[in-house]
**Q** 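I have a structure here, written as structure tokens, and I will follow up with some questions on it.
Here is the naming used below: chain letters follow the sequence lines, and residue numbers restart at 1 for every chain. Please read all numbers here as calculations on a predicted model, not as lab measurements.
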There are 2 protein chains.
Amino acid sequence: MIRKEIKKDFDMAECSVRNILDRFGDKWSLMVIDLLREGKLRYSELDNKIESISQKMLTVTLKSLETDGLISRKVYPQIPPRVEYTLTELGQTLLPAIDMLKKWAADSMPAILAARSKMATPSAP
Amino acid sequence: MIRKEIKKDFDMAECSVRNILDRFGDKWSLMVIDLLREGKLRYSELDNKIESISQKMLTVTLKSLETDGLISRKVYPQIPPRVEYTLTELGQTLLPAIDMLKKWAADSMPAILAARSKMATPSAP
DNA sequence: CAGTATCCGCTCCGATACTG
DNA sequence: CAGTATCGGAGCGGATACTG
């Protein structure tokens, strides 16, 4: 049935990377966290800042981040409604890692793009 | 047509996170890089270590990482064939960021799981 | 051993419409 | 304003079979 039955000991090691990807490998979670670093933002502000996200995915992403205790949601009971999102302490602990990734990307993307385009046109010497 | 036409200035900021996710948000790339940290591995060794990967995805992942200059592929022309994969220097520069993420995951996963299960059973006080 | 080739299910996510 | 509900397409990735 399954190609590789029950896993072996290594899965303990792969588990860590797997968990990170399962949690943040989606399209928007990391971006929302990164955006909230400066402080609170309303639903509509997030919607505007992430131009390309759909309402559905913004809602889903916010809900899952809240469920996992990474952001908190504060509702002001008024008309029209006002909802503000902020990072929790747990969520803030992610920021250094995000910064490191962003720094790596800034430093390395040129090299990656260069390697990628070189592959595209091998043009042997 | 498109909900949010051409993006605005913010996309310059989101771009960084987007690029990282586009490159490493897939299911296996980060894991392969993490596995190669200790040194060279053969195709079959990677296949064995990542119990749950299919041959197709291993091949695809390795090829894309090679295309982007993150790993290198060395073929020994013999029968049966022998192919070894190693991290390039560029690939190695990713390791500190991966370590940071793994450390964060190790430290924070318990809190995340706790928050997640609390949401599942609200059982108001 | 180290792949290729093909088929296809399933999840992710965007578009659209509607609501309190 | 801040969502919810529903539909449907695209593509990621697994299973399987085959090759040099």
**Q** For residues D47(A) and S44(A), is any side-chain donor paired with an opposing acceptor at under 3.5 Å?
**A**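 There is no such pair (donor and acceptor under 3.5 Å, judged by atom type) between the side chains of D47(A) and S44(A).
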**Q** Can you give me the N/O atom pairs linking the protein to nucleotides 8-10 of chain D at distances under 3.5 Å, or say none if there are none?
**A**
none

**Q** Write down the distance between CD (Q55(A)) and C1' (dA15(C)), rounded to a whole number of angstrom.
**A** 11 Å
**Q** Angle between the two end axes of the helix from dC1(C)-dG20(D) to dG20(C)-dC1(D), five base pairs per end, rounded to 10 degrees?
**A** 50°
**Q** Rounded to whole Å, how long is the line connecting atom CE of M57(A) with atom P of dT6(D)?
**A** 17 Å
**Q** Calculate the interatomic distance between L58(B) atom CG and dT4(C) atom P; express it in whole Å.
**A**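 The answer, rounded to whole Å, is 11 Å.
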**Q** Quick check on dG3(D): is either OP1 or OP2 less than 4.0 Å from any side-chain nitrogen or oxygen of K63(A)?
**A**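 Result: no.
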**Q** With sequence neighbours left out, write down each residue that passes side chain to side chain donor-acceptor pair (under 3.5 Å) with R37(B), or none if nothing qualifies.
**A**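 Residues passing side chain to side chain donor-acceptor pair (under 3.5 Å) with R37(B): D34(B), D99(B).
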**Q** Measure CZ/R18(A) against C1'/dG13(D) and give the value in whole Å, please.
**A** 12 Å
**Q** On the nucleotide dA2(C), are OP1 or OP2 found under 4.0 Å from the side-chain N or O atoms that R42(B) carries?
**A** yes
**Q** I need the CD1-C1' distance between I50(A) and dC13(C), as an integer number of Å.
**A**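 About 14 Å, once rounded to whole Å.
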**Q** Under 3.5 Å, which donor-acceptor pairs link side chains of residues 74-83 of chain B to any protein atom two or more places apart or in another chain?
**A**
unit_1 : atom_1 : unit_2 : atom_2 : d
Y76(B) : OH     : E84(B) : OE1    : 2.9
R82(B) : NE     : E84(B) : OE2    : 3.2
R82(B) : NH2    : E84(B) : OE2    : 3.1

**Q** Roughly, in whole Å, what's the span from CD1 in I53(A) to P in dA2(D)?
**A** 15 Å
**Q** Rounded to the Å, how far apart are E45(B) CD and dG3(C) C1'?
**A** 16 Å
**Q** Strictly distance-based, threshold 3.5 Å: is any side-chain N or O of S117(A) a donor or acceptor partner for the main-chain N or O of A114(A)?
**A** yes
**Q** Could you check which residues of residues 75-85 of chain A get a heavy atom under 4.0 Å from DNA chain D? Sort them by number, please.
**A**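 Here the set is P80(A), P81(A), R82(A), V83(A), Y85(A).
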**Q** With no hydrogens and no angle check, is any side-chain donor or acceptor of Q92(B) less than 3.5 Å from a backbone partner on E89(B)?
**A** no
**Q** Are the side chain of E66(A) and the backbone of K63(A) linked by a donor-acceptor contact shorter than 3.5 Å?
**A**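 Between the backbone of K63(A) and the side chain of E66(A) there is no qualifying donor-acceptor contact (under 3.5 Å).
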**Q** Would you give the length of the straight line joining atom CG of L65(B) to atom CG of L94(B), rounded to the nearest 0.5 angstrom?
**A**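 Spacing of CG (L65(B)) from CG (L94(B)) equals 9.5 Å.
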**Q** Between S108(B) (side chain only) and A105(B) (backbone N and O only), is there a donor and an acceptor less than 3.5 Å apart?
**A** no
**Q** Which nucleotide, dT4(D), dG13(D), dC13(C), lies nearest any side-chain atom of D26(A)?
**A**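 So the nucleotide nearest the side chain must be dC13(C).
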**Q** Kindly assign one of parallel, tilted or perpendicular to the pair Y43(B) and Y85(B), based on the angle between their ring planes and the thresholds 30° and 60°.
**A**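 The rings of Y43(B) and Y85(B) sit tilted, inter-plane angle from 30° to 60°.
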**Q** According to a strict under-4.0 Å criterion, is S44(A) in side-chain N/O contact with OP1 or OP2 of dA2(D)?
**A**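 Checking S44(A) against dA2(D): at least one side-chain N or O falls below 4.0 Å of OP1 or OP2.
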**Q** Between atom CZ in R73(A) and atom C1' in dT4(D), what is the gap in whole Å?
**A**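 Whole-Å distance recorded here is 12 Å.
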**Q** Check for a donor-acceptor pair, side chain of T88(B) on one end and backbone N or O of G69(B) on the other, with a separation under 3.5 Å.
**A** yes
**Q** State plainly whether one hydrophobic cluster holds both L70(A) and L95(A), where clusters connect Ile, Leu, Val, Met, Phe, Trp and Tyr through side-chain heavy atoms under 4.5 angstrom apart.
**A**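 Both belong to a single hydrophobic cluster.
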**Q** As a test of reading the structure: which of dC1(C), dG14(D), dG14(C) is closest to the side chain of K27(A), going by heavy atoms?
**A** dG14(C)
**Q** Which residue pairs pass the salt bridge (charged side-chain N to carboxylate O under 4.0 Å, His left out) test when at least one of the two sits in residues 103-113 of chain A, sequence neighbours left out?
**A** K103(A)-D107(A)
